[in-house]
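For reference, the structure is listed below as structure tokens.
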Amino acid sequence: MSKDPADIQHEARIVWTEDIDGFDYVRETLTTEAGTRARPVPWHRAGRRVGYSTLKRDAPNNDSPGQFTRRIFWVNEHDRSERPDGVYKTATPSEGVDPRTVTPGVWGEVTERAWGGPLPGPSDTPMSAARQETKGHVRQPAPAGPSRSVAASSKETHAVEQGVTKAFADWLYLHEVSVPETLGAAVGEEFKRWLWANNEELIAAIANAVARQTTLPEQPPSTNEQ
């Protein structure tokens with residue numbers, strides 16, 4: 001989500017419907033379809049709303065009459081406040097912010113409290129983390145064969161898959177996409193990859209099929225005696 005200061009410049013105050021002391025982080029979402037400047041903003045998606053912004057009396061509407069841009073703060077059922085030992089025991093979702101940093105006209109930020117530990121730096125990758133764990137220890141010779149590298153590669157791949165799955169789940173909660181649309185897109189992408197992988201075999205199969213359709217049938221043996 002783009003955090004343009006112009007989108008929230010007309011805010012008057014932030015209303016919390018629950019005590020923010022119970023949240024290390026909340027999710028911050030912008031809606032452009034609020035029907036009022038100050039009344040509570042309905043929330044019909046996953047999780048529950050825990051706060052929202054109100055606008056000044058002279059705040060302009062959007063391109064559509066009677067609709068205004070406002071912020072909504074919410075938590076999902078698998079967030080840390082709901083499941084302390086869940087998938088967000090550390091780290092935050094992409095829209096997660098520390099509610100203590102939220103003020104009218106100011107976007108929320110990620111703090112160490114929101115993250116659940118020291119904030120990651122640019123070099124904090126799985127490989128650099130592994131180097132930190134082994135720093136100061138004598139490196140032992142690797143055993144013969146590829147088993148060690150294969151195991152490490154498998155762990156890294158699993159971590160990436162978990163991250164992608166988590167991000168996609170969060171995206172689905174924020175976007176109203178039907179199951180047929182989602183599965184259709186996935187099937188289409190997978191079919192495209194399959195076509196590329198089997199290109200030569202498909203061409204040969206098509207050629208054979210065409211050949212069978214265009215080959216003249218053999219003439220039946222003549223029954224006339226010469």
Side-chain angles (χ1 to χ4, degrees), residues 1-34 38 40-55 62 68-130 132 155-177 182:
M1 179 178 67
S2 174
K3 294 192 174 184
D4 188 345
D7 289 335
I8 58 175
Q9 62 179 332
H10 300 291
E11 289 182 341
R13 65 191 185 105
I14 304 297
V15 177
W16 297 107
T17 57
E18 296 188 27
D19 187 357
I20 62 173
D21 287 340
F23 303 102
D24 291 342
Y25 69 83
V26 296
R27 296 174 184 247
E28 181 181 54
T29 298
L30 196 70
T31 178
T32 59
E33 300 177 350
V41 182
W43 182 253
H44 303 298
R45 299 181 182 178
R48 71 181 189 277
R49 187 200 64 200
V50 298
Y52 56 86
S53 66
T54 66
L55 304 180
N62 299 327
F68 303 89
T69 299
R70 295 171 62 183
R71 277 190 290 178
I72 301 175
F73 304 94
W74 59 289
V75 293
N76 214 333
E77 59 184 10
H78 57 268
D79 280 330
R80 193 184 309 154
S81 58
E82 317 305 301
R83 298 183 182 178
D85 294 323
V87 294
Y88 288 115
K89 183 177 181 179
T90 58
T92 67
S94 58
E95 65 274 83
V97 298
D98 188 334
R100 298 153 197 82
T101 65
V102 176
T103 57
V106 177
W107 289 100
E109 297 179 358
V110 177
T111 63
E112 289 190 348
R113 177 169 182 167
W115 192 260
L119 294 176
S123 61
D124 288 336
T125 62
M127 290 302 294
S128 64
Q132 289 295 328
K155 289 181 66 176
E156 292 174 13
T157 301
H158 183 63
V160 171
E161 289 176 349
Q162 283 187 320
V164 171
T165 301
K166 183 189 300 181
F168 185 56
D170 289 339
W171 186 90
L172 284 178
Y173 276 121
L174 287 172
H175 298 77
E176 296 180 359
V177 180
T182 304

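As a basis for the values below, the full set of heavy atoms in this structure was taken, side chains included, without hydrogen atoms, waters or symmetry mates. FYI, the numbering just counts along the sequence from 1.
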Taking side chain to side chain donor-acceptor pair (under 3.5 Å) as the test, write out the residues that go with [X], two or more places apart.
X	answer
T17	none
D7	none
T54	none
T92	none

- Task: Sequence neighbours left out, what passes salt bridge (charged side-chain N to carboxylate O under 4.0 Å, His left out) with E28? Give chain and number order.
- Result: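 For E28 the salt bridge (charged side-chain N to carboxylate O under 4.0 Å, His left out) partners, ignoring immediate neighbours, are K3, R71.
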- Query: Sequence neighbours excluded, which residues qualify as salt bridge (charged side-chain N to carboxylate O under 4.0 Å, His left out) partners of R49?
  - Reply: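 If we apply the salt bridge (charged side-chain N to carboxylate O under 4.0 Å, His left out) test to R49, skipping adjacent residues, there are no hits.
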Rounded distance (nearest 0.5 Å) linking atom [atom1] of [X] with atom [atom2] of [Y]:
X	Y	atom1	atom2	answer
T69	N62	OG1	CG	3.5 Å
R27	W74	CZ	CH2	4.5 Å
L30	S53	CG	OG	8.0 Å

- Among all residues two or more places apart in sequence or in another chain, which pass the ring-ring contact (aromatic ring centres under 6.0 Å, His included) test with F73?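 Listed in chain order: W16.
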- If a pair satisfies salt bridge (Lys or Arg N to Asp or Glu O under 4.0 Å) and one of its residues is in residues 82-92, list it, with sequence neighbours excluded.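 Pairs touching residues 82-92 that pass the test: R48-E82, D85-K89.
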- Which pairs, with at least one residue in residues 108-118 and sequence neighbours excluded, count as a salt bridge (Lys or Arg N to Asp or Glu O under 4.0 Å)?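 Salt bridge (Lys or Arg N to Asp or Glu O under 4.0 Å) check on residues 108-118 returns D24-R113.
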- side chain to side chain contact (heavy atoms under 4.5 Å, CB included) between V97 and W107, intermediate numbers included: CA-CA 9 Å; V97 298; W107 289 100; over 6 Å; no
- Is there a donor-acceptor pair under 3.5 Å between the side chain of R80 and the backbone N or O of A114?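 Yes; judged by distance alone, with no hydrogens or angles, the pair exists.
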- Query: Who pairs with V106 by side chain to side chain contact (heavy atoms under 4.5 Å, CB included), at least two apart in sequence or on another chain?
  - Reply: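 V106: side chain to side chain contact (heavy atoms under 4.5 Å, CB included) contacts with T103.
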Which heavy atom of [X] sits nearest a heavy atom of [Y], and at what distance?
X	Y	answer
T90	G116	CG2-O, 4.0 Å
P40	Y52	CG-OH, 3.4 Å
A12	P104	O-CG, 3.6 Å

- Message: Could you go through F23 and E18, starting from their C-alpha distance and side-chain angles, then the distance that decides it, and tell me whether this counts as side chain to side chain contact (heavy atoms under 4.5 Å, CB included)?
- Response: CA-CA 9 Å; F23 303 102; E18 296 188 27; 3.4 Å; yes
- Query: Out of T101, D98, D79, which one pairs with Y25 under the side-chain hydrogen bond (donor to acceptor under 3.5 Å, both in side chains) rule?
  - Reply: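 With Y25 as partner, side-chain hydrogen bond (donor to acceptor under 3.5 Å, both in side chains) holds for just one option, D79.
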